[in-house]
Asks: 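Right, I'll just put the structure down here and ask away after.
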Amino acid sequence: MKTKLYLLKKILPALICIPVFVGCQGDEPMEKQENVTPTSGVLILNQGTWGKNNSSLSYYDFVSGETVDDVMNGRLGDTAQDIIVYGGKVYVSITMSGVIWVLSADDLKELKKIEISSYNDLLREPNYLAAYSGKVYATANSGHLIEIDTASLEIDAMTDIGANPEGIAVANGKIYAGNTNGYALPFDSTLSVVNIFPLQEEKRIKVGVNPNRIRPDDNGNLYISYRGNYGYYEPFAAGGFIKLNVADNTLKEIDIPANQDFTIINDTLYYFGVTYNDDWTTNNFFGRYDIISETQINDEWVNPNDITTPYALGIDPHNKDIYIADTDYVTSGRILVFDRNGKQKIEFFAGLNPCKFVFK
Amino acid sequence: MMINKSVQCVLSCLFSLCNASFHKILLIFVPVLVMFLRNKFFRVILLVLLCCRSLFAQNPVDTFSVQTLHGVEIFAESVKSFRTTSVSQTVSSENFSTGALTVSDIARQFAGVQVKDYGGVGGMKTVSLRSLGASLTNVTWDGIPVTDCQTGQIDLGRISLTGVEKITLDIGESDNIFQSAQMQSLAGVLNVITRAFPSEKELSASFKAGSFGLVNPSVLFGTKISDRISISGSADYLQSKGNYPYRQTVGNAGYDTVVNRVRQNSAVRNFKAEGNIFGVFDNGGQLSVKIYTYFTDRKLPGPAIYYNDYSKDRLKDKNMFTQANYRQSFLENTDIQANFKFNYAESDYLSVRRYLYFQRELFTDVVIVHRFGKKFSVSWANDGVFGSLNGNIINGIPHRATWFSAVSGKYESREINITAKLLSTRTKTAPKSNMQNLSPYLGFSVKPFHDNSFRLRGFIKNNFRLPTLTDIYYSPAGQRPLKPEKVRQVNLGATFVSHFPKIFPYVFISADIYRNIVSDKLIAYPTNDMLIWTIKNIGRADIRGLDLKGEVNISAGKEFMIKTGGTYTFQRALDVTNSLKENYKKQFPYTPRHSASVWTGVTMPMIDVNYTLIYSGMRYSEASNSPKSNMSPFAEHNVSLSRKFHTKYCSFTVSVECMNVANVQYEVVTSYPMQGRSFMVQLTVFNFLKNSINDV
């Protein structure tokens, strides 16, 4: 049991939370259409602490300026992972609880709780979400890709991909999911390319060790950040950032430091990251990258002071306001909002460990 | 400040105490005292003691040392805790509480103790003394430390009560100076003491069966095989399905629904065997050797996650140790003892991955004590401990050598007891991390009035804990530059023991106020890549509290006796790490402000009735103390009925026990629901071998 405690406290959450650093606005193709309309508020997904059933979903209303601490009133579950808005509905994946919640985007009322865990009596643990052509796709730790029909809100297909898949994106009519094998080790370094009809894995493309985030741009490219193996076993593999041209499957390393998470709005890639000093104090960095000219944008963008650990980054697609979540893992997450020029506008508190912003 | 003021208050009435020999002692302890001089609390005490002159050596008759009353044993025990300089509590086997299976069930009764319990028979149970955390409690087994260099915590849920004679807890420091130096290293010691060797052949067996598949047979055997050699042994097997029901409240208050669920994947099987040899040599030396093995195979239900019962985790542990103690009187006034222990443990945790850990530890220790006259004694203890840990997820084999060296002195008269100790710890942890530290202790207990029933006591202790090997080396990214966690404990208390013939043969009351300051607190922190958690020396804690304990025996007629007692603990344990944070000056999670326990045993001609109550006030599960993390108070009531039968061949006890009678649903640790109402029946047969053999 002593081992148990140690492991439960230190290792398991770690393993489970590898996929957890979502941080930004989903960039799935259909979502972009909705983004044309001015945003009325921001949903903040709070991951909570593993094992405490305290994930929550905060909503900050731009008009009233008020924050609802938890639109789900404590019922979300354990270890929220990802949230997307698609077709007038909000989809939230809750990894440890093994459910995907579906809410109405208008009034944030519950529509359905889709139980992934009970499917075929096997542990599923949904990770990240992507939407395409009337379906929502979720990667699941069991090594599956799950397809949910957005009309019936039922699981209508499932297929095997690699182990512990995390990041997911749709490009060129195919689903790309990053396999990590983060539970068993050594880390995987491939993307599964999945055909949609029928839902079946087509091939795997080797990218970088432990690919964790995949986001598409508007030009048929996927951007993939990979974390490396943390020196967890020999030989050491560093993390990095890579671009995949979906049309000809060519890969190109990008000059962006291995980072925490990123988001792409129009032709700008926004990223942030944390590095650790020898005494475990943190260095936080934020940056922008022009994906057309393939260069870093070096101007002073945003440089928030007194941040403990940035945990999520969101860009309001309407006015390019910058949302940064700061966490210390034990108290309510602090949300700092800056305008596009980096001038701080407001600051408020959300739930524990805010991990993703979604604008609606 | 609270304590310092009250010290001045209480001690001002102590002026004019002391006796002549006292100055000598002070001289010897000056180096130790100097270490405390920066502390106001002890400056006051020192001043008081130096000024004292008159009262001592006036009333030499200590009424309690000559008592020969009903319940003598208890009495001897409590007189001991009445006179100690630190807070000492004892529970003997005849007073073990209802439904108790393991040491953790007993520890819940102690004042100033919080048991962190993950629920069910298989759930981990550790003790925290006065909000200092489980890693600051030493656990010893017959005087030799039980250690775990992997986690630094001892799961008391694994130490079965079979063969256990008594359990004592010293918060601060034991007044025994004839003990290993390592026992002085942390904030307190929980001693598990096994039964003495029988003078003749003895065989006892017990069988317990209870709710949720609990089966627990055990057997004890002991005999004297020659004039000089005795042996004893015990074996204990326990299994439980652990599939108890619980109610889970889903959602915040006002929006919640209650779901009835059953704990899944929590079956447990444990086996323990122990053998002891005791021998006396020609030169008067005494050697005792213990061999111990423990196997456990438990499924781990994990936290009770909303909407998901799935768990397939499993933990198998093996632990074996051999320990030996040799003691001998050298001259008339010098005793020496040597201790040896070799401990091996392996742990196989199967979760999403398989984690294997192997640890070995070698412990050696020599203690010498010399008495100067009847009142004053000095001891010197040296321990060498070598531990190593390896596993499939740790690179290399980190190992650590630690030298504990302690010089202690004790002065004991009817009027005053003073114990002073100075412990030096040096550790060399490989690959590379060395630490050293000095931990002084000073405690006193005085009789301020002519009346023998009242005493005042106080202690101050600086101590620290080393980061565990996993804290330092879990990360493959290299060792972490960690410092030891430092703790200063200050305690001031009063004890009262008396008796009122015929009706109250025994009355005991103790009250202590204390303050603990923790700096460089070791706190586990996730790094942003989450796969690697790290330990940082960032925390500061300010803990103040009050412990009360009372015990009364009531005698009503010849065969009718009531033994009752209770404890109350107040704790204000605040996080004072960072004044800019939301959790600044907030109560630590899982720390109730108020907690209490009550026990009552009624001995009647036909039947004995026992009752135990464990109460815990409101506490928070989160550092921010947000209303959402509010955990409501709970009271757990346990009742048992037992009867003793004597036959020609043996005597036996049958008991029926009901735990958590009110079926209260509560959690000690968030998401780990505790067992509701459960039942157990127990049959214990004593000494059947002895009687049958005698008959033949």
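Just so you know, these numbers use all the heavy atoms, side chains as well, and skip hydrogens, waters and symmetry mates. Note on naming: letters A, B, ... go to the chains in the order of the sequence lines (proteins, then strands), and numbering restarts at 1 for each one. As the structure is a computational prediction, the values presented were derived from the model and not from experiment.
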Asks: Given A:N53, which of B:I305, B:V250, B:T670 fulfils the side-chain contact (heavy atoms from CB on, under 4.5 Å) condition?
Replies: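 Answer after filtering B:I305, B:V250, B:T670: B:I305.
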
Asks: Would you please say whether a donor-acceptor pair under 3.5 Å links the side chains of A:K52 and B:S629?
Replies: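 No, no side-chain donor-acceptor pair sits under 3.5 Å.
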
Asks: Does atom NZ of B:K318 have more than 12 heavy-atom neighbours from other groups under 6.0 Å away?
Replies: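 Count not over threshold, so no.
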
Asks: Which pair of non-hydrogen atoms, one from B:Y255 and one from A:R75, has the smallest distance, and what is that distance?
Replies: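 Nearest heavy atoms, B:Y255 then A:R75: O-CD, 3.6 Å.
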
Asks: Which one wins on heavy-atom pair count under 4.5 Å against chain B: A:T331, A:N73, A:I94, A:L352?
Replies: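 Heavy-atom pair counts peak at A:N73.
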
Asks: Checking A:N54 against chain B: side chain, backbone, both or neither under 4.5 Å from a heavy atom?
Replies: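 Interface part for A:N54: side chain.
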
Asks: Could you measure the distance from the OG atom of B:S626 to the CZ atom of A:F349? Nearest 0.5 Å is fine.
Replies: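 Rounded to the nearest 0.5 Å, the OG-CZ separation comes out at 13.0 Å.
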
Asks: Take A:E115 and B:N308, measure what side chain to side chain donor-acceptor pair (under 3.5 Å) needs, and give me the verdict at the end.
Replies: CA-CA 9 Å; A:E115 299 207 358; B:N308 185 2; over 6 Å; no

Asks: Take a 6.0 Å sphere around NZ of B:K299 and say whether it holds more than 12 heavy atoms from other residues, nucleotides or ligands.
Replies: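 Not more than 12 within 6.0 Å, no.
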
Asks: Under the side chain to side chain contact (heavy atoms under 4.5 Å, CB included) criterion, do A:T308 and B:K581 qualify, and how do the steps go?
Replies: CA-CA 11 Å; A:T308 312; B:K581 289 287 178 193; 3.0 Å; yes

Asks: Considering only heavy atoms, which portion of B:A304 lies under 4.5 Å from any heavy atom of chain A: side chain, backbone, both, or neither?
Replies: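 Just the backbone, heavy atoms under 4.5 Å.
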
Asks: Which atoms of A:S332 are under 4.5 Å from chain B, going by heavy atoms: the side chain, the backbone, both sets, or neither?
Replies: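 Both backbone and side chain.
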
Asks: Is the count of non-hydrogen atoms from other residues, nucleotides or ligands lying under 6.0 Å from B:R354 atom CZ greater than 12?
Replies: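 Counting neighbours around CZ of B:R354, 12 or fewer heavy atoms of other residues, nucleotides or ligands fall under 6.0 Å, so no.
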
Asks: If you compare all heavy atoms of A:S97 against all heavy atoms of B:Y306, which two are closest, and at what distance to 0.1 Å?
Replies: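 Smallest interatomic distance, heavy atoms only, reads OG-O, 2.9 Å.
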
Asks: If you define the side chain from C-beta out and look only at heavy atoms, does anything of A:Y183 sit under 4.5 Å from B:S351?
Replies: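 A side-chain contact under 4.5 Å is absent here.
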
Asks: To the nearest 0.5 Å, what is the distance between OH on B:Y310 and CE on A:M96?
Replies: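 Answer rounded to 0.5 Å: 10.5 Å.
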
Asks: Does any backbone or side-chain atom of B:E667 lie under 4.5 Å from a heavy atom of chain A? Answer side chain, backbone, both or neither.
Replies: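 Interface part for B:E667: neither.
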
